[in-house]
Amino acid sequence: MIKLSRADPAPPDLRSLADEDLMQLVRAGNPQAFQLVYERHSGVAFSLAYRMVGSRNAAEDVVQEAFLSIWRSGARYERARGSVRTWVLGIVHHRAIDQLRRSYVHDRRRASDEGIEERFEATERTEAEVARRDEARTIRTAMDTLPAEQCHVIELAYFGGFTHTEIAEMLDTPIGTVKGRMRLGLEKMRGQLRTAEVRGA
């Protein structure tokens, strides 16, 4: 848990505030407001991080990094772009991706040091990697064209592995809305991917 230099608990008047109002205080450097945001959302943030990185220690590191970045840059939250919870989970998601990338690079270096990579035919490995990168780039490009709320539910479902019900609970959003965003987002992505295939043909 993140410890701030304060001893007093948040007063009742702060606890009655909505997340969006607390973020205004966080922007002004109020540690008690930040502590409340952390208490309200750290649990679901850890669930997402753990689901993505698969390790309790790594997930705790991801959550801590995410909330430290929120404390340092609370001014970046914009009410018009969605709920505080959605914003927090977006930051945790990106931090988890960074963690996975670091782990991947570390594993690759260790494998290279041990000579494991030499067991594979270099040309075939390179072609497979290029194909995977191209596919990932195409999918990410398609996702970047989606509205933020559609992109986020798809990321939680396909990269985080959460069900519609879990996503609805995490985002405090009706499950019908989650399903609708998912459906619309996937339809748009299919259209983008079909267009990319035609161009590449």
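Across all their heavy atoms, Arg56 and Tyr50 have their closest contact at N-CE1, 3.4 Å. Nearest heavy-atom pair, Val92 versus Ala49, reported as atom, atom and distance to 0.1 Å: CG1-CB, 4.0 Å. Taking every heavy atom of both residues into account, Ala45 and Phe67 meet most closely at CB-CE1, 4.0 Å. The two residues Ile70 and Val26 have their closest heavy-atom pair at O-CG1, 4.4 Å. The two residues Tyr77 and Glu20 come nearest to each other via the heavy atoms OH-CG, 3.3 Å. Shortest non-hydrogen contact noted between Glu60 and Phe46 is CG-CE1, 3.7 Å.
Atom-to-atom distance recorded for Asn30:CG and Leu36:CG is 9.0 Å, nearest 0.5 angstrom. Distance check, rounded to the nearest 0.5 Å: CG of Leu22 to CD of Gln32 gives 11.0 Å. If you take OG1 on Thr145 and CD on Gln150, they are separated by 9.0 Å, rounding to the nearest 0.5 Å. The line from CZ of Arg190 to NZ of Lys188 is 13.0 Å long, rounded to the nearest 0.5 Å. To the nearest 0.5 Å, atoms CD1 (Ile154) and CE (Met189) are separated by 5.5 Å. Considering CG of Leu14 and CD of Gln35, their distance stands at 11.5 Å, rounded to 0.5 Å.
A 4.5 Å side-chain heavy-atom check between Ser47 and Glu166 finds every atom pair outside the cut-off. Looking at heavy atoms from C-beta onward, Val88 lies out of side-chain contact with Asp19 at the 4.5 angstrom threshold.
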inquiry  = What verdict does the side chain to side chain contact (heavy atoms under 4.5 Å, CB included) test give for Glu149 and Thr86, after you've listed the backbone C-alpha separation in whole Å, the side-chain angles of each residue and the deciding distance to 0.1 Å?
reply    = CA-CA 8 Å; Glu149 64 273 10; Thr86 299; over 6 Å; no
inquiry  = Checking Val84 against Arg40 for the side chain to side chain contact (heavy atoms under 4.5 Å, CB included) test, could you report, in this order, the C-alpha distance in whole Å, the side-chain angles of both residues, the deciding distance, and whether it holds?
reply    = CA-CA 10 Å; Val84 171; Arg40 291 179 183 181; over 6 Å; no
request  = Take Asp61 and Arg95 through the side chain to side chain contact (heavy atoms under 4.5 Å, CB included) test and state the conclusion after the steps.
outcome  = CA-CA 9 Å; Asp61 289 343; Arg95 293 284 176 173; over 6 Å; no
Show every donor-acceptor pair shorter than 3.5 Å between a side-chain atom in residues 169-184 and any protein atom, with sequence neighbours excluded, or say none if there are none.
residue	atom	partner	partner atom	Å
Thr173	OG1	Leu171	O	3.0

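Aromatic ring orientation, Tyr38 versus Phe34: tilted (interplanar angle from 30° to 60°).
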